[in-house]
Peer 1: 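Sharing a structure here in structure tokens format.
Each chain gets a letter, A, B and so on, in the order the sequences are listed, and its residues count up from 1.
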Amino acid sequence: DVKVTQSSRYLVKRTGEKVFLECVQDMDHENMFWYRQDPGLGLRLIYFSYDVKMKEKGDIPEGYSVSREKKERFSLILESASTNQTSMYLCASSGRTDSGPQHFGDGTRLSIL
Amino acid sequence: DQQVKQNSPSLSVQEGRISILNCDYTNSMFDYFLWYKKYPAEGPTFLISISSIKDKNEDGRFTVFLNKSAKHLSLHIVPSQPGDSAVYFCAASYQGAQKLVFGQGTRLTINP
């Protein structure tokens, strides 16, 4: 069974802080993704990575950056947290094309005060 | 620009009846479609998918129908059970792309 683990279920931070969200997958997947989920907007892709040290912008990358130093780990970084980044953050992974759907972690509920 | 739309934010169905969730898309390049189910405080879990070369895919109580000319897909759940109460997201992608585009989600409530 694929396991995608997000380091925190709930996180509260202050405006202006630098925030790190961590994600680890155990299936040797090439692709990893960060989404945010907001009511009425569904899941929106922030960044994704298809290999170590590779990254591509998704639909809403502004205010975020990512790091992928090892294949199993994908980090999302909020450079200077703002209140509009309060959201549910979801990490996902998948193998190469045609190898199956994306598998998700349980999410991190982030509140920026 | 919402390329994948789920126009019903919520749906309420009686236990044992059929649940039909709908999804529309605008990008004719999409050729692979998925449905995910999400319980509160959990990540989405994959439910069923369909390739654009098919118009129907079935897995137990779940059937997905694809109408390419109308750019419409639907998920049928028969019979509906209380454990089916969740938020359902449809998603789409195109060949060679790893990205998925998600709809807004539909909250399904199954009433006893």
Peer 1: For residues B:Q104 and B:F89, report the shortest heavy-atom separation together with the two atoms involved.
Peer 2: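 Shortest heavy-atom contact: O-CE2, 3.5 Å.
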Peer 1: At a heavy-atom separation under 4.5 Å, does A:D59 approach chain B through its side chain, its backbone, both, or neither?
Peer 2: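 Side chain only.
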Peer 1: What part of A:L43 is in contact with chain B, defined as an atom under 4.5 angstrom from a non-hydrogen atom: side chain, backbone, both or neither?
Peer 2: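 Both backbone and side chain of A:L43 come within 4.5 Å of chain B.
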Peer 1: Apply side chain to side chain donor-acceptor pair (under 3.5 Å) to B:S19 and B:S80, showing your working.
Peer 2: CA-CA 6 Å; B:S19 295; B:S80 300; 2.6 Å; yes
Peer 1: Can you say whether B:L34 sits under 4.5 Å from chain A via the side chain, the backbone, both, or neither, judging by heavy atoms?
Peer 2: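 The side chain, not the backbone.
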Peer 1: What part of B:P9 is in contact with chain A, defined as an atom under 4.5 angstrom from a non-hydrogen atom: side chain, backbone, both or neither?
Peer 2: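 Contact with chain A: none, neither part.
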Peer 1: Tell me the closest heavy-atom pair linking A:Y89 and A:Q6, and the distance in Å.
Peer 2: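 Nearest pair, atom of A:Y89 first, then A:Q6: O-NE2, 3.0 Å.
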Peer 1: Count the heavy-atom pairs under 4.5 Å between each of B:G43, B:S49, B:G105, B:A41 and chain A, then report the option with the highest count.
Peer 2: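 Of the candidates given, the most pairs with chain A belong to B:G43.
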Peer 1: Is it the side chain or the backbone of A:Q102 that comes within 4.5 Å of chain B heavy atoms, both, or neither?
Peer 2: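 When you check distances to chain B, atoms from both the backbone and side chain of A:Q102 fall under 4.5 Å.
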Peer 1: Going by the angle between their ring planes, with limits at 30° and 60°, are A:Y50 and A:F48 parallel, tilted or perpendicular?
Peer 2: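 Tilted, since the angle between the ring planes falls between 30° and 60°.
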Peer 1: Given a strict heavy-atom distance threshold of 4.5 Å, which part of A:R9 is in contact with chain B: side chain, backbone, both, or neither?
Peer 2: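 Looking at A:R9, just its side chain touches chain B.
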Peer 1: Do B:Q3 and B:T26 pair up side chain to side chain, a donor and an acceptor below 3.5 Å, judged on atom types alone?
Peer 2: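 B:T26 and B:Q3 do not have a side-chain donor-acceptor pair below 3.5 Å.
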Peer 1: Relative to the ring of B:Y36, is the ring of B:F102 parallel (under 30°), tilted (30 to 60°) or perpendicular (over 60°)?
Peer 2: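 Judged by the thresholds at 30° and 60°, the geometry between B:F102 and B:Y36 is tilted.
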